[in-house]
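Data block below; observations after.
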Amino acid sequence: MKKEREVLLSVAGLSVSFFTPRGTIRAVRDASFEVARGEVLGIVGESGCGKSTAAFAIMGYLPKTAEIEGSILFEGKSISDLDANELRSLRGNRIAMVYQDPTTSLNPSMKIGLQVAEVVLEHMDLSSSQTSDRVIELFESVGLADPDEIGNRYPHELSGGMQQRVMIAMALACDPDLLIMDEPTTGLDVTTEATILDLVASLKERVNAGILYVSHNLGVIARVADRVSVMYAGQTVEQSTVYELFDSPQHPYTAGLLSCVPKPPQEGGETTRLRRIPGFVFSSQESNDDLCLFSDRCPLANEKCMTQSPSVISSPHGSEVRCIRSHDVDSDIWGEVEQILGVPQSQSETVLMAEQLTHEYGKHQKKYVLFGPETSTPVRALNEVDFDVKKGRTLGIVGESGSGKSTLARAAVGLIEARSGTIKLHNESLANKVENRSQDERSAIQMVFQNPTASLNPKLRIRNTILRSLRRFAGLGRDESQLRAEELMLAVGLDPSYLDRLPSELSGGEQQRVAIAGAFSANPEVVVADEAVSSLDVSVQAQVLNLLEDRQKELGNSYLFISHDLGVVRYLSDEIMVIYAGYVAEYGPSSSVLSLPSHPYTEALLSAAPVPDPTVESNSLRLEGAVPTMRERFQGCFFASRCPRKLGSICDDSPPPSQDAGEGNGHVISCHIPVKELSAVQS
Amino acid sequence: MGLDRHPVERYISWIGNAVQGDLGVSPRSGASINEMIGRRLPNSALLAFIAFVVAVPTSLAAGIFAGIYPDSRLDRFLSIGSLLTISVPEFIIGVILMLVFSSKLGWLPSSTIMLPGETIMSKPEVLVLPILTITGALFAYILRMARANVMEVMESNYVRTAVLKGIPMRQVVMKHVLPNALIPTITVIANNVGWMFGGLIVVEFVFAYPGVGSLLIMAIDTRDMRLLQSTAMVIASVYAFSNLAADLAYGLLNPRIRYG
């Protein structure tokens, strides 16, 4: 029998505005949601939609300049009516929070045990020995190894995933009634994310609390939430159970968000083109009295949407939507599903090739310079990696952070000089260092970096950034290059008037498109994209991915596309290379790599990737820990220390053979387990 | 003086003696440089020590307050005051203090010239104006550092975590803000010990204070190269040692750079 739903938190008509010298910022406009005991409410939306502000408003933690309207009731009492002491007795005790960035959220100069004990001492009436027992119990409950001793460590001695477990232990310290989690896995590796999500899912069973889970990632929300509230431009636009929301979204924005996420890597079948939401989130500086805030991006918008602010419509079974045309929303409103036709597989010539590419960071250092024990050995970031990129095709490279992906990208471009191995362009060897390459060779390989804000010169107008590379690489004259610059802007979907802007006047997605335009201005044969879409919102990510796809079809460029997100890699890549600790674990056509049999590492990555579908049972294969620092040459298999399918001493003693998966398409797996057995255990 | 020997040879023999603690004899006065410096070093050290003891706790307290309550009335007063103090050179502050407290009010002596038989201890009032002059600049400098560091830490995510743990504000400040804000501040303070020794030269000269600084100026005036060289070296080594002390203190406070 269903128990009586006990509402812990009810937020109604919440709006938060900040008064700044540059005008009023409406971070939250009209948010309403409820969290009941024992359930997880997911709040989802792009960045700038007011999710975090709403979360901090519940904690009563907003700057003094904030003006709050509407009500936030915790167990029927209004948070904003509490005085400082009452608020303090709630925080950490009845309402606790876990934050996005654990590394900066822990006090760097205090042992973690003390940081957790502080909460217990403040709110619970325990003696000091009971407190330390409690802390150990908490560390144990969040799955930290060695709970008795770990409290004596400082935050910097822990990995990001362990730090987040400490934060969760801290939040659970006083058995809170309401737990707020604000993007707790953003910035963590997908393998770590999966273990943290397992922990959150187990909390649901163990603690009798309501959880408010804020995330921009639909896959994560599908995995943890019971009910979902979608926020757009500070408004709650849709609210329903997780199954309903993913199965039949009522609001066009929700439908759009779902359709711009690349298909999960686990799923087979054809790749379909991503649909995208044009435009940007409604500016928080504008007021919102007489229109639907989503109307400027909405394919269903009609005149009524532009002149009248929609009210929330509740359906009989408890879901809510803020849209007058919700009954017209279906999966096709964001465009027809288009199949992506791959370039025929064979007969494509190799453009860029690397043989035995090896790189080390640092030097051998001995205690007394020439003799004595070795005090520092180099980190082996790449070990004899071979790959080739074919014309008009994309090689995707995946792996956790620290696996050597970025080193590989930089070595290919020549930004770092590989210690050994050769890089060939059209079968001709290139110098390993970019300074020693000719102008043509340099323009043939261009790079797009992860962080567009940091990689565009902030003092240079877009025009100058692009013209510089047009003159240098394409050798165009003054007038020609101006024309070409405008063409390039149009090609990346930006208005040529953007040329006269500074990078700071552009959004992140626009900046990344400028960076892509910059890379294409050199007429490159190969574009190396290192996590080029990782910092972008899903709708913008879809735009950039489509852009890359279109350019490739038009111009026949090749991509070396690096990402930790398997879904994104799957979307763009023809071939995939899975890399771990500087070694190639698996390499082959993307459909073969992403389907079984797989290298155990690929298998773990696949099962960790969150699927934006709540009906999919999560695979339980998990990787603990992080990529080892590669100071020692591995005696045996590079993956032996974390392998969930480790055979035994053979894995520690001898390096794995590179086996052909027998599919006749060059699919190679580096593992001691024979391919047949792999497919048997994995299916 | 051995002018018949090669300069390199003379330099090596001087340095050989210097590292053994013998700085030689001043060619001007014929007195032992060791003795001259030895007599004046405690005077300078006393001046620096008192200035330090006065300035550090007060300026830290003021800086921390200003950092926790930015834009409060006291913070504005302190910020503007310290900006003024930093922008005006010490010799002007010294002269102004002299003008007010000695010439106009006649409360304190304007110079520290000692009659034979007098020591600083027997006439402690002579210290007041030099100390005030040095303290002024030091106070302003440390205050601004402490304020900036505290403000930065107050904005940090881990202070947010601490506040949202529900612990009292006092505990947040003592346990989370101060340890992290004081780490860089202490480095600045320790660097200031050396800087103060340099600044002393001017202040000592203005007040005719019998310290190492005025000895240095005297050496310049009389072209006494050997004395000049020795005093400069002493001042430089104080600087170097205080920097070393700063680094060690930093390591002690910051677990991230502590060696295992």
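Just so we're on the same page: letters track the sequence lines, and every chain starts at 1. Because the structure is a prediction, the values reported are computed rather than measured.
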A:Gln100 side chain to A:Thr186 side chain, donor-acceptor N/O pair below 3.5 angstrom = no

Relative to the ring of B:Tyr11, is the ring of B:Trp14 parallel (under 30°), tilted (30 to 60°) or perpendicular (over 60°)?
-> parallel

Side chain / backbone / both / neither for A:Thr104 at chain B, heavy atoms under 4.5 Å = both

Specify the closest pair of heavy atoms between B:Val173 and B:Pro179, including all atoms of both residues, with the distance to one decimal.
-> O-CD, 4.3 Å

If the plane angle is over 60° it's perpendicular, under 30° parallel, otherwise tilted; pick one for A:Tyr61 and A:Phe56.
-> tilted

Please report the closest heavy-atom contact between B:Ala181 and B:Pro184, naming both atoms and the distance.
-> O-CD, 3.4 Å

State whether a side-chain donor-acceptor pair under 3.5 Å links A:Thr185 with A:Gln164.
-> no

Exactly one of A:Ile58, A:Leu90, A:Ile211 clears side-chain contact (heavy atoms from CB on, under 4.5 Å) with A:Leu178, and that residue is A:Ile58

Within residues 118-126 of chain A, residues adjacent to chain B where the heavy-atom gap is under 4.5 Å = A:Glu118, A:Val119, A:Glu122, A:His123

So, the part of A:Gln115 with a heavy atom under 4.5 Å from chain B: the answer is both

Taking atom CD of B:Glu152 as the centre, report whether more than 12 heavy atoms of other residues, nucleotides or ligands fall under 6.0 Å from it.
-> no

Atom CG in A:Leu158, atom CD1 in A:Ile112: separation rounded to 0.5 Å?
-> 4.5 Å

Distance, nearest 0.5 Å, that separates CG of A:Leu87 from CZ of A:Phe74 = 11.5 Å

So which residues of residues 153-172 of chain B are in contact with chain A at a heavy-atom cut-off of under 4.5 Å?
-> B:Asn157, B:Tyr158, B:Arg160, B:Thr161, B:Val163, B:Leu164, B:Lys165, B:Gly166, B:Ile167, B:Pro168, B:Gln171

